[in-house]
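Order of the sequence lines sets the chain letters (A, B, ...), proteins ahead of strands, with each chain counted from 1. Predicted, not measured: the structure shown is a model, and the values here were computed from it.
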Amino acid sequence: MELSSKYNPQETQDKWLKFWKDNNIFHLKADGHKRPFTIVIPPPNVTGILHMGHALNNTLQDILVRYKRMNGFQALWMPGTDHAGIATQNVVEKQLAKEGKTRQDIGRGEFLKRLWAWKKEYGDTIISQLEKLGSSCDWSRTRFTMDDDYSNSVNEAFISLYNKGLIYQGTRIINWCPRCQTALSDEEAEHKEKNGKLYYIKYPIKSSVNLESSVNPSESCQSLLKSSVIASEAKQSFYIVVATTRPETMLGDTAVAVNPADPRYSQLIGRTLILPLMNREIKIIADDFVSADFGTGAVKVTPAHDPNDFLMGQRHNLPKINVMHPDARINEQGGKYSGLDRFEARKQVLADLETLGCLDKIEDHKNAIGHCYRCDTVVEPYLSKQWFVSMKPLAKPAFEAVQNNNIRIHPAHWTKVYNNWMENIQDWCISRQIWWGHRIPVWYDNKGNVFVARSRYEAMAQAEAKHGMTVDLIQDEDVLDTWFSSWLWPFATLGWPKDNEDLKYFYPTDTLMTASEILFFWVARMIMAGYEFMGNKPFSDVLIHGTVRDAKGRKMSKSLGNAIDPLEIIDEYGADALRFSLIINSGQDIFISKEKFEIGRNFANKIWNASRLVFMNCSPTLDTQGLNLDHLDLPSRWILARFYDTLEKVSHCIEQFRYSEAEILIQDFFWGNYCDWYLELIKAQFTDTRIQKTAVFVLENSLKMMHPFIPFVTEEIYSKLNVSDICLSRAAWPIRQGLLIDTKADLQMQSVIDIIGAIRNIRTQWNIKSHDTLDVYIIPSEDGIKAVLEDNSLHIQRLGRLKDLVINASIAPVKNSATALIGSTKVFIPLTGLVDLNAEKIRMNTAIDQKKKNVDSLNIRLHDPVFTLKAPEDIINKERERLGTLNKEIAALESVLANLA
RNA sequence: GGGCGGUUAGCUCAGCUGGUUAGAGCAUCUGACUUACAUUCAGAAGGUCGAGGGUUCAAUUCCUUCACCGCCCACCA
């Protein structure tokens with residue numbers, strides 16, 4: 001058995017990545033003899049490369065799936081990538097723009113070719129990057145959301161919903177991104193609070209008496225007001241003031257609305273206004289939507305550019321005037337502003353209103369403006385014909401599943417967020433006016449009849465049946481929202497709608513791990529799709545993990561330049577280091593700076609070196625089978641007990657999704673117990689084969705326990721052991737062996753550790769050179785401890801660096817010593833000349849005082865009848881015991897104090 | 001506007017169903033004979049658990065008010 005003196009993570013990674021791949025280690029099939037366990041990967045977008053969020057997300061999944069596999073499950077981790085519609089189209093458009101071209105220039109076919117080339121390159125890259133992380137996916141099953149089979153699943157889902165009446169086409173106000181020139185769903189419009197303005201605009205009232213004839217299209221607001229002085233006898237305002245944040249939309253106004261109960265305006269309902277700039281006559285209408293206490297209580301109504309106004313328009317039968325081109329330039333309906341960009345038009349409109357005297361005032365106003373989640377352009381509420389999914393019927397079973405714990409979300413507080421969204425769910429706009437994606441499976445004939453079909457061929461057949469003759473059909477130009485394909489991921493990847501062995505065996509999947517950002521986009525919709533298409537939940541547990549942020553708490557992003565590249569970390573520190581450090585830091589959100597990766601690097605290095613020590617001293621043919629506790633020394637019994645205790649806790653933590661805690665336990669055990677104590681203690685005893693056996697046994701099983709977290713270094717060391725498994729990734733999780741656990745060992749070992757600790761403490765306290773050996777006298781408190789200390793006196797001597805050690809209950813306290821107390825066991829270190837006795841006295845007194853304080857408060861409590869009456873018996877007993885112990889300790893300290901000269 | 005989280009050592013966080021003297025890592029300070037490891041080892045110092053009130057024999061833990069920070073959702077123009 002031999003390990004190189006310096007650990008080389010990169011070499012190890014390369015070796016095992018190749019080994020796993022060459023031996024198909026993670027390829028799994030349905031196997032009726034084993035229980036299935038399935039995780040589907042949140043498919044990364046093919047837009048880019050691995051970032052820290054991916055690294056965290058996939059490490060979490062890998063830990064769980066490796067753990068399950070080691071526990072005998074047929075644990076499948078399904079990998080793949082997402083075509084990410086708009087996002088990918090955008091990056092390729094940008095690439096094209098560098099050549100000075102647009103997608104329209106090269107046409108749909110050519111553009112799609114470019115996209116597929118991009119997908120090939122970046123899809124492969126990200127998969128290989130996931131591999132580098134150590135992800136134990138079944139790579140032979142890698143899926144892409146636009147694979148042929150997958151596209152069939154998408155069509156099937158569309159058709160099924162359409163046939164049930166849950167997909168419909170409608171002309172509505174949707175979120176429109178003028179840059180991407182496509183519709184977005186509500187979720188794809190990110191609302192950002194901005195400091196904007198609220199503009200108050202005067203809309204002149206057309207006088208029923210005097211002004212009718214004088215109004216002409218060119219007349220200004222100013223003159224209108226002048227002439228309306230005549231109308232003052234009517235004792236009415238000459239204009240009505242409306243407030244708006246988007247003044248340019250007034251070009252499309254077709255009414256002004258007030259609340260029917262608002263006394264200020266009740267007289268005016270039904271009157272006609274002159275829309276400034278456009279000089280269009282519009283009516284004042286009454287609608288409950290308008291609240292009297294906001295702004296002026298009067299609202300301009302623009303049915304083609306605002307969702308509420310749209311609804312009001314429908315209620316009042318108002319014309320819907322669309323004043324914008326798809327790129328948000330004003331169109332010919334906008335009169336003289338035609339051709340101007342919306343923001344340019346806003347400036348112009350305001351300037352013109354000002355000139356006319358129709359701009360009443362401008363106030364600062366905070367409001368949330370929707371931005372495209374892919375390009376950050378301000379979205380425009382825009383009237384257009386789109387496809388929608390009715391969500392309420394789909395949401396019902398999905399809501400209930402979480403409600404009745406059929407699906408559990410962790411941490412549980414996310415359930416509330418989920419419920420809140422589900423309860424307020426709106427219909428989902430699924431059509432996108434882009435080219436990259438699943439073409440909507442809908443064809444039209446020249447009369448506008450709709451044929452929904454799996455293929456053109458099928459649509460043609462439908463049309464022929466309808467018309468009795470062959471007719472020309474045109475397919476809908478639009479593609480589906482990318483999430484309309486990813487919501488099928490848990491079963492489409494397993495072959496749905498085709499009924500097959502894998503689907504039956506691996507579905508429902510078990511655990512889904514993802515970041516909170518896509519709870520609505522993806523998780524909630526997958527749950528809906530699972531019940532809708534499979535009649536069953538897609539997974540049982542959802543783990544929502546935090547976002548990776550930089551040390552200042554900012555999201556990592558390319559534009560901020562604060563991103564740490566996981567691949568750079570893998571090259572510099574190793575994949576194990578990356579994984580270990582990320583997980584141990586993962587609480588809620590996780591704050592990462594480059595130095596944090598030293599934690600994992602150092603730990604891997606520690607494991608390597610501890611193994612080297614063992615390997616240098618233990619026989620290569622050692623068989624750890626048949627290890628038993630008979631006459632085994634205390635440190636060995638102790639490390640075994642500690643191992644099994646840790647193993648149980650670690651297993652529990654993994655099951656509970658408490659991974660950082662699991663890593664802390666592992667580190668505490670391996671570094672804090674095995675390396676710092678056990679290996680240090682046995683260094684002088686390596687000739688003992690039973691100790692060798694124990695050392696190797698614990699190492700071997702620790703490697704298994706650590707493997708899900710740090711697969712590479714553990715594989716490498718494990719492969720050098722005398723084991724029969726093909727590799728550690730195929731080994732079994734250790735099982736608790738009661739026969740190897742001595743429950744008393746922990747307590748006994750603790751007193752040895754404490755004694756050594758006390759000696760070391762005194763050494764530093766009194767500044768004693770480490771090469772000065774000491775004499776130590778111990779007066780054990782009882783025979784049990786005496787025996788333990790005697791058995792381990794060599795250890796105490798060696799680690800305490802002692803010349804002489806006397807353990808004797810009947811010796812007199814040693815004068816002029818530094819003293820320590822372990823329980824009631826007294827430790828004396830004669831230090832005449834080295835120790836300032838007064839200082840030592842002060843030290844003793846402080847200790848006594850502190851203990852006395854504790855005694856006092858305990859006494860008060862124990863003599864309080866309310867406490868003794870109400871507190872549970874075991875608590876009272878514990879307190880009594882503690883009082884007894886404290887008193888003994890005080891007595892011991894006092895006797896020591898008395899002996900200080 | 002609604003909802004959700006957070007506030008514990010200089011920093012980053014643990015602390016699960018209330019019960020001894022509130023833990024860890026990093027940073028700091030002191031020291032290091034020893035070829036497994038300086039990516040190391042030993043030791044120390046550091047906290048009125050955000051503020052007030054309440055429930056309880058007992059509160060970092062449960063309830064409540066407040067302050068500050070963060071996130072999500074939302075059609076008040």
Mind checking the C1' distance from B/G23 to B/C16? Whole angstroms is fine.
15 Å

Starting the side chain at C-beta, find the nucleotide from B/C75, B/A36, B/C33 nearest to A/Arg801.
B/C33

Would you mind pulling out the nucleotide paired to B/C57, Watson-Crick or G-U wobble, both distances under 3.5 Å?
B/G19

Which class fits the ring pair A/Tyr373 and A/Phe521: parallel under 30°, tilted 30 to 60°, perpendicular over 60°?
parallel

At under 4.0 Å between heavy atoms, what does A/Glu680 touch on the DNA or RNA strands: base, sugar-phosphate, or nothing?
base

B/U21 and B/G46, which share atom name C1', separated by this distance in whole Å:
16 Å

Indicate the ring-plane relationship of A/Trp176 and A/Tyr382, choosing parallel, tilted or perpendicular according to the 30° and 60° boundaries.
tilted

Partner nucleotide, any strand, of B/C71 [Watson-Crick/G-U, under 3.5 Å]:
B/G3

Base-pairing mate for B/A42 - Watson-Crick or G-U, with both contacts under 3.5 Å:
B/U30

So, is A/Asn602 close to the B/U40 phosphate, meaning a side-chain N or O under 4.0 Å from OP1 or OP2?
yes

Interatomic spacing from CE in A/Met312 to OG1 in A/Thr302 - rounded to 0.5 Å
8.5 Å

How is A/Asp676 classified with respect to the nucleic acid when contacts are heavy atoms under 4.0 Å: base, sugar-phosphate, or nothing?
sugar-phosphate

Check whether any side-chain N or O of A/Trp671 sits under 4.0 Å from OP1 or OP2 of B/C41, and answer yes or no.
yes

Residue whose closest nucleotide on RNA chain B lies nearer the 5' end, A/Lys683 versus A/Lys851:
A/Lys851

Under 4.0 Å, heavy atoms only, any strand: does A/Val290 hit a base, just the sugar-phosphate, or nothing?
base

Count the heavy atoms of every other residue, nucleotide or ligand shown that sit under 6.0 Å from NZ of A/Lys888, and state whether that count exceeds 12.
no

Which part of the nucleic acid does A/His652 contact within heavy-atom distance under 4.0 Å: base, sugar-phosphate only, or nothing?
nothing

At less than 4.0 Å, is any side-chain N or O atom of A/Asn761 found next to OP1 or OP2 of B/A44? Yes or no.
yes

Considering only B/A36, B/U40, B/A74, which nucleotide approaches the side chain of A/His191 most closely?
B/A74

Give me the distance, rounded to whole Å, that separates B/A58 from B/G19 when you measure between the C1' atoms they each carry.
7 Å

Using a cutoff of under 3.5 Å, can you pull out all pairs of nitrogen or oxygen atoms linking the protein to nucleotides 57-65 of chain B, with atom names and distances?
from  : atom 1 : to       : atom 2 : distance (Å)
B/C57 : OP1    : A/Lys870 : NZ     : 2.2

Do A/Pro276 and A/Lys202 have side chains that approach each other closer than 4.5 Å (heavy atoms only, starting at C-beta)?
no

Aromatic rings A/Tyr573 and A/Phe597: how do their planes relate, parallel, tilted or perpendicular, breaks at 30° and 60°?
tilted

Nucleotide nearest A/Arg760 (side chain, heavy atoms from C-beta), chosen from B/C41, B/G43, B/G19:
B/G43

Let's see if you can work this out: which of B/A36, B/C72, B/G5 has an atom nearest to the side-chain heavy atoms of A/Ala610?
B/A36

Describe the nucleic acid contact of A/Ile875 in one word from base, sugar-phosphate, nothing, applying a heavy-atom distance below 4.0 Å.
base

Salt bridge check, A/Lys649 against A/Asp645: does any charged N sit closer than 4.0 Å to a carboxylate O?
yes

Compare the minimum distances between each of B/C75, B/C37, B/C16 and the side chain of A/Phe289, then state the nucleotide with the smallest one.
B/C75

Does B/U21 have OP1 or OP2 under 4.0 Å away from a side-chain N or O of A/Arg882?
yes

Please classify the nucleic acid contact of A/Ala368 as base, sugar-phosphate, or nothing, using heavy-atom distances under 4.0 Å.
base

Take atom C1' in B/G52 and the same atom in B/A59, then report the distance between them in whole Å.
15 Å

Under 4.0 Å from OP1 or OP2 of B/C73: is there any side-chain N or O of A/Lys416 that close?
no

Partner nucleotide of B/A14 by Watson-Crick or wobble geometry (both distances under 3.5 Å)
none

